[in-house]
Enquirer: 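I have a structure here, written as structure tokens, and I will follow up with some questions on it.
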Amino acid sequence: MSKSKKEKDKEYDEKRAGKRARNWAFLVYPESAPENWIQIIEEEMTPFVVSPIHDSDVNELTGELKKAHFHVLITYGGVKTFEQVKELTDRLKTTIPQMAKNLVGAIRYMAHLDNPDKAQYQKSDIKAYCGFDLDSVFKLSATDKKQISKDILNYIMENEITEYFILVKYALEHNDDWYDYLSSNSYMIMNFIKSLRHFKQEENLRNQN
């Protein structure tokens, strides 16, 4: 005889009992959450992050759209038990809270930044509350900057981008990491585009002769 959802949830709660962590994540469904759910979390007086609304996620098995939802990550100053966090999520009528072991990964997932096969959302639409420092999460490492630079240069060559405006417009609309990089590392990229434009002009002249 199969177990009911209520029985399964009870077993899950018992299994989670006593688990302690600082960072917890859960999903909020607008259709069932209180209208002031963000305000309710703010009353916890602890930093938290809310994703853009995920309204384009697709169930990989059925191909159907998933219910629209928000990803929420809350980070406490000290460890909290599963039971303590569940008191909050029960008030919000959310999914069962999960410990977030990888803080950066959980926040990047809010826009599917490392999952190109999933629906993409704007990193700029991730919202921080109660003093959460998003800039530190998205700060690019030297390795990140090197790879982004290579990716941009390859994109310029593959698409024969000869105007900086076109590149920035693409980054603004499609790639927040590129936009962040270009905001403070544009000199070499601009000169590369200028050189490519000159090269293409010379190449066209040679072909005409």
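Only a predicted model underlies this, so the values are computations on that prediction, with no experimental measurement involved.
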Enquirer: Mind running side-chain contact (heavy atoms from CB on, under 4.5 Å) on Val50 and Trp37 for me, showing each step along the way?
Expert: CA-CA 11 Å; Val50 178; Trp37 63 270; 3.7 Å; yes
Enquirer: Does the pair Lys118/Glu60 count as a salt bridge with the N-to-O cut at 4.0 Å?
Expert: yes
Enquirer: So which atom in Ala111 and which in Gln120 form the shortest heavy-atom distance, rounded to 0.1 Å?
Expert: O-OE1, 4.0 Å
Enquirer: Determine whether a donor-acceptor pair (N or O, by modelled atom type, separation under 3.5 Å) exists between the side chain of Asn115 and the backbone of Asp117.
Expert: no
Enquirer: For residues Tyr181 and Ser149, report the shortest heavy-atom separation together with the two atoms involved.
Expert: OH-CB, 3.4 Å
Enquirer: Return the OH to CD1 distance between Tyr170 and Ile161, rounded to the nearest 0.5 Å.
Expert: 9.5 Å
Enquirer: Measure up the Tyr155 and Trp178 rings against each other and bin them: parallel (under 30°), tilted (30 to 60°), perpendicular (over 60°).
Expert: perpendicular
Enquirer: Do any N or O atoms from the side chain of His69 and from the backbone of Lys67 form a donor-acceptor pair under 3.5 angstrom?
Expert: yes
Enquirer: Would you say Arg20's side chain and Lys80's backbone share a donor-acceptor pair under 3.5 angstrom?
Expert: no
Enquirer: Using every non-hydrogen atom in the two residues, find where Tyr121 and Ser56 come nearest and quote the distance to one decimal.
Expert: OH-N, 3.0 Å
Enquirer: Return yes if some donor-acceptor pair links the side-chain N/O of Ser183 with the main-chain N/O of Tyr179 below 3.5 Å, else return no.
Expert: yes
Enquirer: Taking the inter-plane angle between the rings of Phe48 and Tyr129 on a 0 to 90° scale, is it parallel (under 30°), tilted (30 to 60°) or perpendicular (over 60°)?
Expert: parallel
Enquirer: Between Glu87 and Arg91, is there a salt bridge with N-O shorter than 4.0 Å?
Expert: no
Enquirer: Donor-acceptor pair, Thr95 side chain versus Leu27 backbone, under 3.5 Å?
Expert: yes
Enquirer: Please give me the minimum heavy-atom distance between Pro47 and Gly131, naming the atom from each residue.
Expert: CB-C, 4.4 Å
Enquirer: Do Glu44 and Thr46 pass the side-chain hydrogen bond (donor to acceptor under 3.5 Å, both in side chains) test, and can you show the C-alpha distance, the side-chain angles, and the key distance before you say yes or no?
Expert: CA-CA 6 Å; Glu44 294 286 295; Thr46 191; over 6 Å; no
Enquirer: So, are Lys123 and Asp177 salt-bridged, with charged N and O less than 4.0 Å apart?
Expert: yes
Enquirer: Is a side-chain N or O of Arg197 found less than 3.5 angstrom from the main chain of Thr162, in a donor-acceptor match?
Expert: yes
Enquirer: Locate the shortest heavy-atom distance separating Asp55 from Leu65; write the atom from each residue and the value.
Expert: O-CD2, 4.1 Å
Enquirer: Please answer whether the main-chain N or O of Ala119 pairs with a side-chain N or O of His112 as donor and acceptor at a distance below 3.5 Å.
Expert: yes
Enquirer: Just by distance, do the side chain of Gln122 and the backbone of Asn175 share a donor-acceptor pair under 3.5 Å?
Expert: no
Enquirer: Count the heavy atoms of every other residue, nucleotide or ligand shown that sit under 6.0 Å from NE2 of His174, and state whether that count exceeds 12.
Expert: yes
Enquirer: Would you find a donor on one side and an acceptor on the other, under 3.5 Å apart, between the side chain of Ser195 and the backbone of Phe192?
Expert: no
Enquirer: For the backbone of Gly105 and the side chain of Asp114, can you confirm whether one donor and one acceptor N or O come within less than 3.5 Å of each other?
Expert: no
